[in-house]
Amino acid sequence: MLKTLRPRSYSDVIHVGHYFCHDITVVMDLTELTDPDPTPLVDFAAGLIVARDGAMEKLAPNVFMLKPREPRG
C-alpha cells in the first residue's frame with residue numbers, strides 16, 4: 001500500500017508518522033510546504049526511519065519516499 005501526503009506545515013507531519021507506523025509506504029511531498037525550510041519535516045521522517053528500521057529515498061527535490069521495514073522471514 002502507498003499513501004501520498006502533502007504536509008503544508010510541521011503540524012501535518014503527524015499524518016506521515018501515523019501511516020508509516022502502520023507499515024504503509026509514504027510519499028511525503030513537501031513542494032507545497034508553507035514554510036520554505038523543509039528541514040524539520042525531513043528530520044522527523046529520518047527519526048521515523050531510524051526508530052522503525054525503515055528506509056527513505058529522495059524521489060525529487062522535496063519529495064521523499066518512506067518505506068517501512070521489510071518483513072523478515
Side-chain angles (χ1 to χ4, degrees):
M1 182 180 289
L2 177 82
K3 182 71 175 173
T4 300
L5 298 173
R6 293 174 180 85
R8 293 182 178 263
S9 69
Y10 186 79
S11 63
D12 293 337
V13 81
I14 192 162
H15 304 292
V16 173
H18 171 80
Y19 287 106
F20 186 77
C21 288
H22 284 89
D23 295 325
I24 297 170
T25 298
V26 176
V27 172
M28 184 172 70
D29 181 348
L30 304 177
T31 57
E32 296 179 15
L33 190 61
T34 54
D35 184 341
D37 182 15
T39 302
L41 284 89
V42 175
D43 287 347
F44 176 86
L48 283 174
I49 295 303
V50 170
R52 307 251 329 154
D53 195 25
M56 183 163 50
E57 180 180 337
K58 187 173 186 175
L59 303 177
N62 291 334
V63 180
F64 302 86
M65 181 165 47
L66 287 66
K67 297 186 273 188
R69 176 179 60 196
E70 301 217 3
R72 295 179 184 151

**Q** Tell me whether Tyr10 shares a hydrophobic cluster with Leu5, the cluster being built from Ile, Leu, Val, Met, Phe, Trp, Tyr side chains joined at under 4.5 Å.
**A**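 Linked within one cluster.
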
**Q** How long is the gap from CZ on Phe64 to CG on Leu30, to the nearest 0.5 Å?
**A**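 Rounded to the nearest 0.5 Å, the CZ-CG separation comes out at 6.0 Å.
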
**Q** What I want to find out is whether Arg52 reaches Asp23 closely enough, with some N-O distance under 4.0 Å, to be called a salt bridge.
**A**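 Result for this pair is yes, salt bridge flagged.
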
**Q** For Leu48 versus Phe20, what's the shortest heavy-atom pair and its separation?
**A**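 Heavy atoms only, the tightest pair is O-CE2, 3.7 Å.
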
**Q** Indicate if Leu66 and Met1 have the same hydrophobic cluster label, given that clusters are the connected sets of ILVMFWY residues with side-chain heavy-atom separations under 4.5 angstrom.
**A**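 Linked, Leu66 and Met1 end up in one cluster.
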
**Q** Within this structure, what is the CE-CG distance for the pair Met28 and Leu59, rounded to the nearest 0.5 Å?
**A**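 It comes to 10.5 Å.
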
**Q** Do you know which two heavy atoms are closest between Ala55 and Ile49, and how far apart they sit?
**A**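 Closest approach of Ala55 to Ile49, heavy atoms only: O-CD1, 3.2 Å.
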
**Q** Applying the salt bridge (Lys or Arg N to Asp or Glu O under 4.0 Å) test to Asp29, which of Lys3, Arg6, Lys58 qualifies?
**A**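 So, applying the salt bridge (Lys or Arg N to Asp or Glu O under 4.0 Å) to Asp29 and each of Lys3, Arg6, Lys58, only Arg6 qualifies.
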
**Q** Just wondering, are more than 12 heavy atoms of other shown residues or ligands nearer than 6.0 Å to OH in Tyr19?
**A**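 Counting other residues, nucleotides and ligands, OH of Tyr19 stays at 12 neighbours or fewer.
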
**Q** Taking the side chain as everything from C-beta on, heavy atoms only, tell me whether Ile24 gets closer than 4.5 Å to Pro68.
**A**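 Ile24 does not reach Pro68 side chain to side chain.
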
**Q** Find out if a path of hydrophobic residues (ILVMFWY) with successive side-chain heavy-atom gaps under 4.5 Å connects Val63 to Val26.
**A**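 In one cluster with Val63: Val26, no.
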
**Q** Please answer: with hydrophobic residues joined when any side-chain heavy atoms are less than 4.5 Å apart, are Phe44 and Val42 in the same cluster?
**A**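 Phe44 and Val42: one cluster.
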
**Q** In the structure I gave you, are the side-chain heavy atoms of Pro61 and Thr31 within less than 4.5 Å of one another anywhere?
**A**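 No - every pair of side-chain heavy atoms lies 4.5 Å or more apart.
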
**Q** May I ask you to test the Leu33-Asn62 pair for a side-chain heavy-atom distance under 4.5 Å?
**A**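 No; the side chains remain at least 4.5 Å from each other.
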
**Q** So does Ile14 have more than 12 non-hydrogen atoms from other groups sitting under 6.0 Å from CD1?
**A**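 No, CD1 of Ile14 has 12 or fewer neighbouring heavy atoms, counting only those of other groups under 6.0 Å.
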
**Q** If we ignore hydrogens and angles and just use 3.5 Å, is the side chain of Thr4 paired with the main-chain N or O of Val27 as donor and acceptor?
**A**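 No, because the side chain of Thr4 does not come within donor-acceptor range (under 3.5 Å) of the backbone of Val27.
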
